[in-house]
Amino acid sequence: MNRFYPLVCLVFLFTGSLLAQEPSARDIADAYIENTGGAEAYKNLESLRMTGTSTMQGMEFPIVITTNSDDKLHVEVDVQGQTIIQAYDGEKAWQVMPFQGITTPTEMADEEGADLKETIFLSEFVDSEERGFTLERLDDKEIEGTQTHAVRVTNEAGIDRTYYFDTEYFVPVMMSSVSKGGQGKGMTVEVYMSDYQEVDGMTMPMFLDTHFNGQSVQKITIKEVEMNAEVDDAMFSIPE
């Protein structure tokens with residue numbers, strides 16, 4: 001007799017089978033992608049607009065993060081009526097930082113914009129090998145009381161990040177890297193991810209807490225996510 005298993009059941013059957021053995025880096029990556037929407041959902045995503053709040057030094061400000069499948073990025077924060085922008089158009093990184101005296105769009109030096117230039121829209125865990133990413137299984141580690149599987153991601157372009165996946169649901173609870181530019185150059189950057197929610201069939205973290213050398217410097221709470229939103233490509237480029 002044929003049996004029908006709901007998708008949710010199949011997901012838990014898949015991840016449950018991994019618990020009986022020590023999963024490889026590829027096993028962990030596959031479980032993560034499957035549990036958060038599936039490879040096709042990731043590949044069909046063309047743009048993301050995330051609206052929320054950014055908390056820095058005890059103060060809360062509106063933030064809008066826009067990115068697309070060309071690995072372009074635009075981050076806008078409203079601070080007491082003044083607009084801070086950091087953006088990357090696929091080649092150049094630029095910014096508007098009125099509190100630093102940068103009141104017009106200004107191109108960032110290569111080193112200063114190095115971290116922005118490592119924007120990756122499509123998860124490194126989708127078609128990893130075909131896209132030039134190497135996945136390396138590291139020792140398990142406890143992150144803030146949660147047991148995790150660690151997977152390091154590298155490529156020839158210089159990407160070097162380690163993701164720590166919850167061993168029950170196979171979603172990242174933290175990502176660690178070393179900053180390559182700006183005031184944080186050389187510092188260990190840890191982005192803690194939590195409050196996973198489903199949005200249009202995909203599951204993503206709605207709370208991000210960024211640490212530099214162990215100290216929290218920014219917390220972002222996502223309140224709205226627009227998938228495949230209409231995005232004017234010009235917003236990523238530095239205005240003439």
Query raised in the report: Mind checking whether Val153 and Ile120 sit in one hydrophobic cluster, side chains of I, L, V, M, F, W, Y counted as touching below 4.5 Å?
Result: yes

Query - Closest heavy-atom pair and its distance - Gly184, Phe212 - result: CA-CE2, 4.0 Å

Query raised in the report: Do Pro105 and Ile85 have side-chain heavy atoms sitting under 4.5 Å apart?
Result: no

Requested in this report: Provide the closest heavy-atom pair for Asp115 versus Lys180 in the form atom of the first, atom of the second, distance.
Outcome: OD1-N, 2.9 Å

Report task. Would you give the length of the straight line joining atom CD1 of Ile220 to atom CE of Met56, rounded to the nearest 0.5 angstrom? Result -> 8.5 Å

**Report entry** Test log, rule side-chain contact (heavy atoms from CB on, under 4.5 Å), inputs Arg152 and Thr154
**Finding:** CA-CA 7 Å; Arg152 183 185 182 191; Thr154 57; 3.6 Å; yes

Query raised in the report: Hey, are Gln218 and Ser54 close enough side-chain-wise for a donor-acceptor pair under 3.5 Å?
Result: yes

Requested in this report: Quick one: pull up OG in Ser216 and CD in Glu190 and give me the separation to the nearest 0.5 Å.
Outcome: 11.0 Å

Query raised in the report: Are any of the side-chain heavy atoms of Met227 and Met204 separated by less than 4.5 Å?
Result: yes

Query - Gln86 and Met108: CA distance, side-chain angles, deciding distance, side-chain contact (heavy atoms from CB on, under 4.5 Å) verdict - result: CA-CA 9 Å; Gln86 286 195 324; Met108 301 168 74; 4.0 Å; yes

**Report entry** Heavy-atom side-chain proximity of Ile63 to Phe61 below 4.5 angstrom
**Finding:** no

Query - Donor-acceptor contact below 3.5 Å, side chain Trp94 vs main chain Phe236 - result: yes

**Report entry** Single-linkage hydrophobic cluster Met174~Val178, side-chain heavy atoms < 4.5 angstrom
**Finding:** no

Query raised in the report: So, do Thr134 and Glu156 sit near enough that their side-chain heavy atoms are less than 4.5 Å apart?
Result: no

Query raised in the report: With the 4.5 Å side-chain cut-off for hydrophobic clustering, are Val171 and Met193 part of the same group?
Result: yes

**Report entry** Donor + acceptor pair across side chains of Glu112, Gln183 (<3.5 Å)
**Finding:** no

Requested in this report: Kindly indicate whether the side chain of Glu34, heavy atoms from C-beta on, has any atom under 4.5 Å from the side chain of Tyr32.
Outcome: no

Requested in this report: Determine whether the aromatic ring centres of Tyr192 and His211 lie less than 6.0 Å apart.
Outcome: yes

Report task. Using a strict cut-off of less than 4.0 Å between a Lys/Arg side-chain nitrogen and an Asp/Glu carboxylate oxygen, indicate whether Lys185 and Glu111 qualify as a salt bridge. Result -> yes

Report task. On the 0 to 90° scale, with breaks at 30° and 60°, tag the Phe125-Tyr163 ring pair as parallel, tilted or perpendicular. Result -> perpendicular

Anything under 3.5 Å between a donor and an acceptor, one on a side chain of residues 45-52, the other on a protein residue two or more places apart or in another chain? List them.
{"residue": "Glu46", "atom": "OE1", "partner": "Ser69", "partner atom": "OG", "Å": "3.0"}
{"residue": "Ser47", "atom": "OG", "partner": "Ala229", "partner atom": "N", "Å": "3.0"}
{"residue": "Ser47", "atom": "OG", "partner": "Ala229", "partner atom": "O", "Å": "2.8"}
{"residue": "Arg49", "atom": "NH1", "partner": "Glu226", "partner atom": "OE1", "Å": "3.2"}
{"residue": "Arg49", "atom": "NH1", "partner": "Glu226", "partner atom": "OE2", "Å": "3.4"}
{"residue": "Arg49", "atom": "NH2", "partner": "Glu230", "partner atom": "O", "Å": "3.1"}

**Report entry** Distance in Å, Asp233 CG paired with Asp70 CG, rounded so as to fall on 0.5 Å steps
**Finding:** 6.5 Å

Query - Side-chain heavy atoms of Phe170 within contact of Thr36, under 4.5 Å - result: no

**Report entry** Path from Met206 to Tyr42 over hydrophobic side-chain contacts below 4.5 Å
**Finding:** yes

Requested in this report: Using the salt bridge (charged side-chain N to carboxylate O under 4.0 Å, His left out) rule, take Glu60 and Lys219 through it: C-alpha gap first, then chi angles, then the decisive distance, then the call.
Outcome: CA-CA 9 Å; Glu60 187 175 279; Lys219 297 178 180 179; over 6 Å; no

Requested in this report: Report the C-alpha separation of Leu138 and Thr162 in whole Å, then their side-chain angles, then the decisive distance to 0.1 Å, and conclude whether the side-chain contact (heavy atoms from CB on, under 4.5 Å) test is met.
Outcome: CA-CA 9 Å; Leu138 302 184; Thr162 300; 3.8 Å; yes

Query raised in the report: Does a side-chain heavy-atom distance below 4.5 Å link Ser237 with Tyr88?
Result: no

Query - Cluster check Ile143, Val151: I/L/V/M/F/W/Y, side chain < 4.5 angstrom - result: no

Report task. Taking all non-hydrogen atoms of both residues into account, name the closest pair between Arg161 and Ser177 and its distance. Result -> CG-CB, 4.2 Å

Report task. Kindly check if the number of other-residue, nucleotide or ligand heavy atoms within 6.0 Å of CD (Gln215) is above 12? Result -> no

Query - For Asn35 against Tyr169, the heavy-atom pair lying closest together - result: ND2-O, 2.9 Å

Requested in this report: Measure from the side-chain N and O atoms of Asn68 to the backbone N and O of Lys72, and report whether any donor-acceptor pair falls under 3.5 Å.
Outcome: yes

Query raised in the report: Do any N or O atoms from the side chain of Thr55 and from the backbone of Gly58 form a donor-acceptor pair under 3.5 angstrom?
Result: no

Query raised in the report: When His149 is tested against each of Thr167, Asp139, Asp140 for side chain to side chain donor-acceptor pair (under 3.5 Å), which residue passes?
Result: Asp140

Requested in this report: Side-chain contact test, heavy atoms from C-beta onward, threshold under 4.5 Å: evaluate it for Tyr164 versus Met175 and give yes or no.
Outcome: no

Query - Thr148 OG1 to Phe165 CZ distance, which is reported to the nearest 0.5 Å - result: 9.5 Å

Report task. Decide whether Ser128 and Arg26 meet the rule of one side-chain donor and one side-chain acceptor closer than 3.5 Å. Result -> yes

Query raised in the report: Will you find, in the side chains of Asp195 and Gln197, an N or O donor that is under 3.5 Å from an N or O acceptor?
Result: yes

Query - Asp78 (side chain) donor-acceptor with Gly81 (main chain) under 3.5 angstrom - result: yes

**Report entry** Nearest atoms (heavy-atom pairs only) where Gly132 meets Asn155
**Finding:** O-CB, 3.3 Å

Query - salt_bridge(Lys43, Asp127) N-O dist < 4.0 Å - result: yes

Report task. Apply salt bridge (charged side-chain N to carboxylate O under 4.0 Å, His left out) to Lys117 and Asp110, showing your working. Result -> CA-CA 9 Å; Lys117 293 179 179 181; Asp110 288 341; 3.2 Å; yes

Report summary line: Taking every heavy atom of Leu116 against every heavy atom of Thr119, the minimum-distance pair comes out as O-OG1, 2.6 Å

Requested in this report: Run the numbers on Glu118 and Ile159 for side-chain contact (heavy atoms from CB on, under 4.5 Å), then give the verdict.
Outcome: CA-CA 7 Å; Glu118 291 197 338; Ile159 294 293; 3.7 Å; yes

Report summary line: Between the OG1 atom in Thr67 and the CZ atom in Phe121, the distance rounded to the nearest 0.5 Å is 5.5 Å

Query - Separation of Gln100 CD from Ile84 CD1 (nearest 0.5 Å) - result: 8.0 Å

